[in-house]
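The analysis underlying the following values was restricted to heavy atoms, covering all of them including side chains, and did not include hydrogens, waters or symmetry mates. Residue numbering restarts at 1 for every chain, and letters A, B, ... go by the order of the sequence lines. Computed from a prediction, not measured in an experiment: that's the story for all the values here.
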Protein chains: 2
Amino acid sequence: MAKSAGARAQRDARQDAGIGLGELENHLGYFVRRLQHWIFRDVNAALAAVDLDVISYSLLETIAANPGTTQIAVAGALGIERARMVGLLDDLQQAGLIVRERSEQDRRAHALGLTPRGRLILKKANAQISAHEKRVARRLGADNYRRALAALSQFETD
Amino acid sequence: MAKSAGARAQRDARQDAGIGLGELENHLGYFVRRLQHWIFRDVNAALAAVDLDVISYSLLETIAANPGTTQIAVAGALGIERARMVGLLDDLQQAGLIVRERSEQDRRAHALGLTPRGRLILKKANAQISAHEKRVARRLGADNYRRALAALSQFETD
DNA sequence: TATTGTTATACTCTATAACTATA
DNA sequence: TATAGTTATAGAGTATAACAATA
């Protein structure tokens, strides 16, 4: 029973520190938040090697998967305000990683794409991300990692 | 194979919207963030019925589980800056839900506790939270919910 | 009229440093 | 000297509204 052993070890550690968390320890939201914090820090540390953060990386990856897409489409897919996209894309453009061109179908919109340098940086970033995922898997346990990925990938948001 | 069916349905929905997410869909961090966002919104909406938010609720629950504990201990347990604790506890105190008393062992510290009203509100909050957890479980699927809770509760942060 | 991108504004969260009173 | 709580400040993230160009 690896499960209760791991959970118990954590509870014990907190009780050693003289503080428990009551009902919180029965709620998925609490554990999701803890894991998300750790992942956020680890992935940003990993991406610092290629001078990116997790948001810039997500933007590059989404643009790479949808060449010619618009700012609004990317904003919607990633849950970023369109007002905030402006500054984020400004930075990526200044770093020479993306291009913004007037769309020919709709001249209000910008068609987004990666520069050759953008593709290179993204490739390096994905190597860092791959190492990061391995760290998560090792820390969570390979079985738990697979279970968590399988379970959470089925969650459909509104 | 409920797994690939669910994952496929989501992918299809995004492709219908004309945009995919590339490598992001293989990363646990992406799904954790998505789930965390949904939970955050749903739990805050639920707690609005008792005029709390998720942070205030976590504070009440932690204080209830550790009567007489200090601000620093709670801050450490929940990952909140001790500077931010001040304002958060000010609000809870003004709402008549907690008491801050000088600790008799260490007169620098505040001993924290719930008022009778704090205990009542917390009880009502936990009923709301319980309903929220059921919504998460239903949306994720009962099996996935159990698997996710079991897997994620074993993650130990630094 | 509605939409894309943009700018401006305000509010919250986070991080940091410094102060006070105690230890 | 170090620690608990507090205050103040600056930076990042988020939400909102309004504007120009285009549909």
Test B:Gln36 against every option in A:His37, A:Arg34, A:Gln36 by the side chain to side chain contact (heavy atoms under 4.5 Å, CB included) rule and name the one that passes. A:Gln36
Integer-rounded Å distance: [N] [atom2] and [X] [atom1]:
{"X": "A:Glu104", "N": "C:dT4", "atom1": "CD", "atom2": "C1'", "answer": "17 Å"}
{"X": "A:Gln105", "N": "C:dT3", "atom1": "CD", "atom2": "P", "answer": "19 Å"}
{"X": "B:Arg41", "N": "D:dT14", "atom1": "CZ", "atom2": "P", "answer": "14 Å"}
{"X": "A:Leu78", "N": "D:dG13", "atom1": "CG", "atom2": "C1'", "answer": "15 Å"}
{"X": "A:Arg107", "N": "C:dG5", "atom1": "CZ", "atom2": "P", "answer": "14 Å"}
{"X": "A:Leu88", "N": "C:dT7", "atom1": "CG", "atom2": "P", "answer": "13 Å"}

Run the side-chain contact (heavy atoms from CB on, under 4.5 Å) check on A:Leu24 and B:Tyr57 step by step: do they pass? CA-CA 9 Å; A:Leu24 265 44; B:Tyr57 166 74; 3.6 Å; yes
Give the B/S/- string for nucleotides 2-11 of chain D, one per nucleotide from 5' to 3', where a protein heavy atom under 4.0 Å of the base yields B, of only the sugar-phosphate yields S, and otherwise -. BBSBBBB---
Going by the angle between their ring planes, with limits at 30° and 60°, are B:Trp38 and A:Phe155 parallel, tilted or perpendicular? perpendicular
Please check if the side chain of B:Asn66 supplies one atom and the backbone of B:Thr69 the other of a donor-acceptor pair under 3.5 Å. no
Using the rule given for salt bridge (charged side-chain N to carboxylate O under 4.0 Å, His left out), can you reason through B:Asp51 versus B:Lys124, listing the C-alpha separation, both sets of side-chain angles and the distance that settles it, and then say yes or no? CA-CA 11 Å; B:Asp51 210 24; B:Lys124 290 184 179 175; over 6 Å; no
Note the angle between the end axes of the helix from C:dT1-D:dA23 to C:dA23-D:dT1, five pairs defining each, rounded to 10 degrees. 10°
Reported CG-to-CG distance for the pair A:Leu140 and B:Leu28, which is rounded to 0.5 angstrom: 7.0 Å
Presence of salt bridge, A:Asp90 and A:Arg100, under 4.0 angstrom: yes
